[in-house]
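Working notes, beginning with the structure itself.
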Amino acid sequence: MINRLVLALLCLCFACVAANAEPLKIVVRGLFENAALLEIDGRQQLLRAGQRDSSGVLVVSANPAQTVLEIDGKRKTLGLNKQIGTIYREPARAGVSLHKNNNKEYRTRVTINGRSADAVVDTGATSVAMSSRHAEQLGIAYKNGTATAVATAGGVKKAFGITLGRVDVGDIKTQQIAAVVIEGEHPHVILLGMSFLEHIDLQERDNILVLTPRY
């Protein structure tokens, strides 16, 4: 009876310790073909694909660019010097919801190089596009860009290819976005084309378009 009581108390103590244990800190210190050098709570160990550490961390696959780890049944892809804890949660992604207007457009406010303007999402445009009037209002020295020509509804227009330092929509932040500035008054609103949208996941439902950044 006493032995059973002691055993029960020991089990309870181990359960309390496990519940209060700090999550492991895992850092990728080296990447090789089919192997990864991991630092787990300060202890380095080379694990080959398919091997599991005594702490339960499994190397699913590895190559010189990245490794896939499985921790508590969840998988995470990490690059060199990237780290996670064993209590892993997907980072919350900032999203922007746009409602379709009466013209069947998804309009939003965009901040370009720190200045704000109206814009419309346009998956048919290969890059961000704006008129020279918009560029001047935003303080963009577009004539320093590459001279080109674009076909518009009003015919072929002179244009300049440029790179925008920053293009932000709400909490979505992007950098070094290709754009074209068309001389004249057209387009009437800035077009958020694919050079911006390629960094974004788009989900449309019930006339609402949700933009979330790709990480």
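Across all their heavy atoms, Leu211 and Leu202 have their closest contact at CG-CD2, 3.6 Å. Annotation for Gln51 and Leu58: closest pair O-CD1, 3.2 Å, computed over non-hydrogen atoms. Scanning both residues, Asp171 and Val96, for their nearest heavy atoms gives N-CG2, 4.4 Å. The nearest pair of heavy atoms linking Ile162 to Gly145 is CG2-CA, 3.9 Å. Between Ser116 and Leu138, the shortest heavy-atom contact is O-CD2, 4.1 Å.
Each of Val110, Val189, Leu164 was evaluated against Met130; a single residue qualifies, Leu164, per the side chain to side chain contact (heavy atoms under 4.5 Å, CB included) test.
His186 is not listed as a side-chain neighbour of Thr152, based on a closest heavy-atom distance of 4.5 Å or more. Put simply, the side chain of Arg166 reaches to within 4.5 Å of the side chain of Lys173, judged on heavy atoms.
Residues Ile112 and Ile177 share a hydrophobic cluster, clusters being chains of Ile/Leu/Val/Met/Phe/Trp/Tyr side chains in contact below 4.5 Å. Under the 4.5 Å side-chain heavy-atom criterion for Ile, Leu, Val, Met, Phe, Trp and Tyr, Ile71 and Leu47 are members of the same hydrophobic cluster. Residues Val59 and Val68 do not share a hydrophobic cluster, clusters being chains of Ile/Leu/Val/Met/Phe/Trp/Tyr side chains in contact below 4.5 Å. No chain of hydrophobic side-chain contacts below 4.5 Å, direct or via other Ile, Leu, Val, Met, Phe, Trp or Tyr residues, connects Leu191 to Leu98. Linking ILVMFWY side-chain heavy atoms closer than 4.5 Å, directly or via other members, places Val210 and Ile172 in two distinct hydrophobic clusters.
A search for salt bridge (charged side-chain N to carboxylate O under 4.0 Å, His left out) contacts involving Glu136 returns nothing, not counting sequence neighbours. The ring pair (Phe, Tyr, Trp, His ring centres under 6.0 Å) test applied to Tyr106 returns no partner, not counting sequence neighbours. With sequence neighbours left out, His99 forms a ring pair (Phe, Tyr, Trp, His ring centres under 6.0 Å) with no residue at all.
With hydrogens and angles left out, the side-chain atoms of Arg43 and Gln45 include a donor and acceptor closer than 3.5 Å.
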